[in-house]
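Encoded as structure tokens, the structure appears first; notes follow it.
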Amino acid sequence: MGTTTLILGGGWGGLTAAHHLRGLVPSEHRIVVVERSQKFSLGVSNLGLMVGKRESVEQIQRDMAKIKRPGIEWIQSEIHSIDPQQCTVETDDGKLTGDYMVLALGAELAPDSIPGFEQAAHNLYDAEGAVAIQHQLKGFEDGKIVVLVAGTPFRCPAAPYEAALLVEAWAREHGIRHQVEIDLYTPESIPMAVAGPAVGEALSAFLDKRAIGHHFGRQITRIDPATRTLWFGDTDVSFDLLIGIPPHRAPGALENAGLNDAGGYVPVHPQTLEILSDPDTLEVKYPGVYAIGDVTTVRLQNSMFLPKAGVFAEGEARVVAAAIAATINGEPRTGVYAGNGFCYVEVGDGSAAYGAGDFYAYPGPRVTLEEPSTQAQAAKEEYEDLLDLWFDA
Ligand SMILES: Cc1cc2nc3c(=O)[nH]c(=O)nc-3n(C[C@H](O)[C@H](O)[C@H](O)COP(=O)(O)OP(=O)(O)OC[C@H]3O[C@@H](n4cnc5c(N)ncnc54)[C@H](O)[C@@H]3O)c2cc1C
């Protein structure tokens, strides 16, 4: 008899899981993606939108109703609650029941949690916000541009640094660099701390080379939109254009599901992605229920956490799809998630720096960052190939 796998969330991780599982189990087994949004896009496209390499939101979005691969069902609905024990979810369209469940709900943005953020900042992590930055840049002639990280953890640890470097390159290309001051403020102690001090220093050096001010250990407390002032405790900083990365929080649908840890996210086994009742003992809470991507916390050997990034969501999704398929097909389970990750840090002028490493290494991640190259930039642009791979135009 056919089984049903419920995939909660149709973002980068959820859709990867759906595609892989579809290739591994016969068609009588249903794969159901529950996703509230009608449109799919990759966060990485927002950087191109911001500097006008992509003009409109429509250009970077695809319609969930046009998922190409037969046998992947999309239910457009809001998930309100999750019962992992019964493998059920309550949605706007009633209760759904599955045999297997993959939580891929991502992380939510919480711009409302910093007073003044919504009024003063253009939100880079929202496609419409990225277009607003594009429009603001077009009319910008002189003044101070600030890139602000409003809280940790946040998706894609490189993105704020890329934003600062891309805006700098944009100002040079448009002949206004000498009239523009660019600064980045973040609560982090170094850039991409999880990748280790060498990567942090390399990223800081990219910023120094481009005369971009960087200010670490700065936690924003409020923003005054009228006077365009950022408040960090008792120090204030002025700005003319504010590019904001809002605080993130765990998805609301997790409330009362008994799945999250003190930080709000779902602790999972680093190799199997099964949900844990205790990250110290690695005791699995609900066999057959998995969580992947930004909704999870994966504790590393140095007690830091795996970054929230699409490449990790994608790698985890493949492992989970294989594990569910093995159970359905009555085969032994093969493969575990090994914690390898990579990224391309865009530095402007058509170049990116390739960083990669083993995030599960002991005593901490072993990550290296190469010098920027046009090849790495071209490879980064291939992320967007997923749009045509997964969707009809
Ligand atoms: C500017 C920017 C640049 C980035 N660059 C990179 C990069 O270069 N490389 C990289 O690896 N990553 C990058 N990322 C990060 C990457 O986009 C995320 O880490 C990735 O999308 C996580 O995948 P996910 O499936 O866990 O979550 P998501 O892709 O966020 O998907 C979660 C889905 O769940 C849905 N959902 C949530 N709650 C509910 C509910 N209650 N009911 C129904 N549906 C719900 C959401 O609508 C969403 O579609 C970038 C992100 C940004 C913003």
Side-chain angles (χ1 to χ4, degrees), residues 6-18 33-51 54 60-62 64 74-82 89-93 96 102-109 123-127 129-130 133 147 149 153-163 166 192 243-246 248-255 257 265-266 268 273 291-296 298 306-317 320 341-346 352-356 376-377 379-384 386:
L6 295 177
I7 298 179
L8 311 187
W12 195 334
L15 285 184
T16 304
V33 176
V34 191
E35 165 61 51
R36 60 155 78 105
S37 174
Q38 169 129 32
K39 301 287 181 185
F40 173 90
S41 70
L42 293 163
V44 62
S45 305
N46 292 7
L47 293 169
L49 265 184
M50 177 186 79
V51 289
R54 305 274 178 276
I60 63 153
Q61 281 182 337
R62 292 294 181 274
M64 286 291 287
W74 164 53
I75 295 181
Q76 184 180 13
S77 208
E78 178 75 26
I79 298 162
H80 294 290
S81 65
I82 302 166
V89 285
E90 291 292 346
T91 74
D92 273 349
D93 299 284
L96 301 172
V102 181
L103 267 75
L105 293 167
E108 277 177 9
L109 301 177
N123 181 353
L124 173 67
Y125 275 37
D126 173 80
I133 299 169
V147 177
V149 177
F154 58 92
R155 278 176 235 166
C156 190
Y161 300 94
E162 295 177 284
L166 287 172
M192 293 171 65
I243 298 175
I245 290 88
H248 289 40
R249 64 179 161 224
L254 289 180
E255 268 170 41
Y265 295 97
V266 181
V268 290
L273 290 316
I292 58 172
D294 292 354
V295 76
T296 66
V298 180
L306 195 65
K308 296 195 183 302
V311 292
F312 296 114
E314 183 172 323
E316 293 164 0
V320 163
F342 64 91
C343 70
Y344 303 97
V345 183
E346 272 195 82
Y354 174 68
Q377 177 65 31
K380 174 153 194 165
E381 284 165 17
E382 286 174 14
Y383 281 142
E384 288 182 342
L386 277 181

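The shown structure was predicted, so the numbers you read here are calculated from the model rather than taken from an experiment. Every number for a ligand or one of its atoms is a count from 1 in the order of the listing.
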To the nearest 0.5 Å, tell me how far [X] [atom1] sits from [Y] [atom2].
X      : Y      : atom1 : atom2 : result
Leu15  : Leu42  : CG    : CG    : 9.5 Å
Lys308 : Cys156 : NZ    : SG    : 13.0 Å
Ile82  : Leu96  : CD1   : CG    : 11.5 Å
Glu90  : His80  : CD    : NE2   : 9.0 Å
Asp294 : Trp12  : CG    : CH2   : 10.0 Å
Gln377 : Glu382 : CD    : CD    : 11.0 Å

### Query
Hey, is Lys380 touching ligand 1 through its side chain, its backbone, both or neither, going by heavy atoms under 4.0 Å?
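The answer is the side chain of Lys380.
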
### Query
Does ligand 1 have a heavy atom under 4.0 Å from the side chain of Lys308, from its backbone, from both, or from neither?
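Within the 4.0 Å criterion, Lys308 contacts ligand 1 through backbone atoms alone.
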
Below 4.0 angstrom from a heavy atom of [X], which ligand 1 atoms are there? Numbered from 1 as shown, please.
X      : result
Glu78  : 40 (C), 41 (N), 42 (N)
Gly293 : 26 (O)
Ala313 : 23 (O)
Gly13  : 23 (O), 24 (P), 25 (O)
Ala253 : 41 (N)

Restricting to non-hydrogen atoms, name the atom on [X] and the atom on [Y] that form the minimum distance, rounded to 0.1 Å.
X      : Y      : value
Met192 : Cys343 : CE-SG, 4.1 Å
Ala352 : Tyr344 : CB-CB, 4.1 Å
Phe154 : His248 : CB-CE1, 3.6 Å
Ala313 : Gly13  : CB-CA, 3.9 Å

Would you say [X] and ligand 1 have an N/O pair spaced under 3.5 Å apart?
X      : answer
Arg36  : yes
Gly310 : yes
Asn46  : no
Glu108 : no
Gly9   : no

Between the candidates [options], which shows the shortest non-hydrogen contact distance to [atom]?
atom                    : options                      : answer
atom 36 (N) of ligand 1 : Ile79, Leu105, Leu103        : Leu105
atom 17 (O) of ligand 1 : Tyr344, Trp12, Phe342        : Trp12
atom 46 (C) of ligand 1 : Met64, Lys39, Glu35, Glu314  : Glu35
atom 27 (O) of ligand 1 : Ala352, Gly43, Ser45, Gly106 : Gly106
atom 11 (O) of ligand 1 : Ile82, Val311, Val33         : Val311

### Task
State, with a plain yes or no, whether a side-chain heavy atom of Val295 is found less than 4.5 Å away from one of Pro251.
yes

Less than 4.0 Å is my threshold; does some heavy atom of [X] fall inside it relative to ligand 1?
X      : result
Ser77  : yes
His80  : no
Tyr383 : yes
Ala104 : yes

Identify the closest protein heavy atom to [atom]: which residue and atom is it, and at what distance?
atom                    : value
atom 50 (C) of ligand 1 : Cys156 CB, 3.4 Å
atom 18 (C) of ligand 1 : Asp294 OD2, 3.3 Å
atom 31 (O) of ligand 1 : Gly11 CA, 3.2 Å

### Qualifying residue for side-chain contact (heavy atoms from CB on, under 4.5 Å) with Leu8, from Val102, Val33, Val89
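Passing option: Val89.
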
### Message
I need the single residue from Asn46, Leu109, Ile243 that forms a side-chain contact (heavy atoms from CB on, under 4.5 Å) with Asn123. Which is it?
### Response
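Testing each of Asn46, Leu109, Ile243 against Asn123, the sole residue satisfying side-chain contact (heavy atoms from CB on, under 4.5 Å) is Leu109.
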
### Query
Do the ring planes of Phe342 and Tyr383 sit parallel (below 30°), tilted (30 to 60°) or perpendicular (above 60°)?
parallel

